[in-house]
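Contents: one structure, followed by commentary.
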Amino acid sequence: MPSEFNLIREFFTPPNSRPDVRLGVGDDAALLAPAAGKDVALTIDTLAAGTHFAADAPADAVGHKCLAVSLSDLAAMGAAPAWVTLALTMPRVERAWVEAFCGGFYALARRFNVQLVGGDLSRGALSVTVQAAGLVDAGRGLRRDGACAGEEVYVSGVLGDAALGLERGGEFRRALHWPQPRVELGLALAGVAGACIDVSDGLLADLGHVLRCSGVGAEVMRGALPLSAAYREILAETGWTAALAGGDDYELCFTAHPKRRTDVAALAAELKIPLTRIGAVTQGRGLRLLDENGDVLPVARAGYEHFS
Ligand code: ADP
Ligand code: MG
């Protein structure tokens, strides 16, 4: 890429805002100094045009979302986001696109005091890879394998709007393009949640990961799933599939002991995020989905595509 150096200098060399960054962009690698007593949570995700976002998606939304999905992973681990690297592959350099991309990216980075410390630029089909690192008290990271029978299952926010954004556009598009990582919630769940995961591939699939990792099962009440007012309006016509199996929600799904109910309610009030109890962890393996009458709904093993 001919103007690589200038592009890095102009767009990807942000002023440093963190004392634990000894050396950021500009050398062969960043030098980072995690505080003593912390574990580093590390995650990486690629968003490819045509697969994870439309090639004509607004660039600021792409910049926002590529960071948001990584921060969501850190939130699910209960980690405070700290450092991020960014590998950007573009067919050609379009200044306006890069500028808008950076607008979305840095706005979110600033909100959570995340420092861009390195990256890469290359030419090719449009694709963005973000690696993010966060800090969590040693041994206290929230994991998928911590769910116990007797705990209850919660989910933050509302489910399904992002999938509806992909399917129908309109007012749902915002949820698809501008997911809000639940960073503060993840941090607050340390000591409250048994297990935690972020809902990126659909509730049933992601809760399924928690259950498998923890060696337990769950009963989920479909009627308890939190839906937006706009989703509720079209529920009869569109069905539950988006809420159960739609991706890209980036809400947190976690388990907590019933004695934590008041703590969870207090958290919801403090953070102004709905935290909805949707079911319970059970001893037997597998996920049982119950309808509004308490009858068991079939949950297809291979994929969760069809729920109406
Ligand atoms: P190298 O050849 O050592 O990999 P590069 O020329 O790729 O170096 O990058 C020079 C510096 O700019 C490195 O510190 C790298 O981390 C940083 N950098 C490159 N691209 C980006 C980017 N998109 N965002 C942030 N930093 C970047
Ligand atoms: Mg390089």
Side-chain angles (χ1 to χ4, degrees), residues 1-35 38-75 77 79-135 177-181 183 200 248 250:
M1 204 164 278
S3 50
E4 181 180 357
F5 180 76
N6 288 332
L7 210 60
I8 293 170
R9 200 181 47 192
E10 184 174 357
F11 291 105
F12 300 109
T13 312
N16 182 29
S17 65
R18 293 184 62 99
D20 56 9
V21 176
R22 288 197 206 289
L23 190 60
V25 170
D27 212 311
D28 292 313
L31 291 171
L32 308 169
K38 296 285 186 181
D39 285 347
V40 176
L42 188 62
T43 180
I44 187 165
D45 273 292
T46 294
L47 300 189
T51 307
H52 304 95
F53 62 92
D56 62 354
D60 57 344
V62 176
H64 170 90
K65 187 166 179 174
C66 71
L67 181 56
V69 303
S70 287
L71 298 190
S72 177
D73 279 330
L74 296 181
M77 302 304 291
W83 315 304
V84 62
T85 59
L86 166 68
L88 194 52
T89 304
M90 298 176 286
R92 72 199 80 80
V93 176
E94 281 175 40
R95 268 191 61 93
W97 192 93
V98 174
E99 211 170 331
F101 173 92
C102 285
F105 185 92
Y106 286 122
L108 185 59
R110 270 195 301 275
R111 217 172 103 202
F112 292 113
N113 192 25
V114 183
Q115 182 68 38
L116 180 68
V117 295
D120 196 36
L121 291 172
S122 59
R123 207 180 276 282
L126 182 60
S127 143
V128 188
T129 297
V130 169
Q131 181 175 49
L135 301 169
H177 282 325
W178 299 90
Q180 298 302 313
V183 173
S200 53
D248 275 6
Y250 301 104

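For ligands, and for the atoms within them, numbers begin at 1 and follow the listed sequence.
- Taking only nitrogen or oxygen atoms, main chain and side chain alike, I8 does not reach within less than 3.5 Å of ligand 1.
- For S127 against T46, the heavy-atom pair with the smallest separation is OG-CG2, 3.6 Å.
- Each of the following atoms of ligand 1 lies closer than 4.0 Å to a heavy atom of L86: 22 (C), 23 (N), 24 (N).
- Applying the salt bridge (charged side-chain N to carboxylate O under 4.0 Å, His left out) test to D39 and every residue at least two apart in sequence or in another chain returns nothing.
- Annotation for ligand 1: atoms under 4.0 Å from non-hydrogen atoms of E4 are 6 (O), 7 (O).
- Against a heavy-atom cut-off of under 4.0 Å, L116 is close to the following atoms of ligand 1: 24 (N), 25 (C).
- Heavy-atom proximity to atom 13 (C) of ligand 1, evaluated over D27, V25, L7, is greatest for D27.
- Here the rule is ring pair (Phe, Tyr, Trp, His ring centres under 6.0 Å) with H64, and of F53, Y250, W178, Y106 only W178 fits it.
- A 4.5 Å side-chain heavy-atom check between F112 and L74 finds every atom pair outside the cut-off.
- Summarising the contacts of atom 21 (C) of ligand 1 with L121, V98, V130, D120, the nearest heavy atom is found in D120.
- Residues satisfying the side chain to side chain donor-acceptor pair (under 3.5 Å) test with R95, not counting sequence neighbours, are E10.
- The contact set between ligand 1 and G26, taken as ligand atoms under 4.0 Å from a residue heavy atom, comprises 11 (C), 13 (C), 14 (O).
- Note on ligand 1: D28 sits in its first shell, one or more heavy atoms being nearer than 4.0 Å.
- Although no hydrogens or angles enter the test, the distance criterion places no donor-acceptor pair under 3.5 Å between the side chain of S122 and the main chain of T89.
- Looking at ligand 1, you'll find an N or O of G119 within less than 3.5 Å of one of its N or O atoms.
- Between P91 and A125, the shortest heavy-atom contact is CD-C, 4.5 Å.
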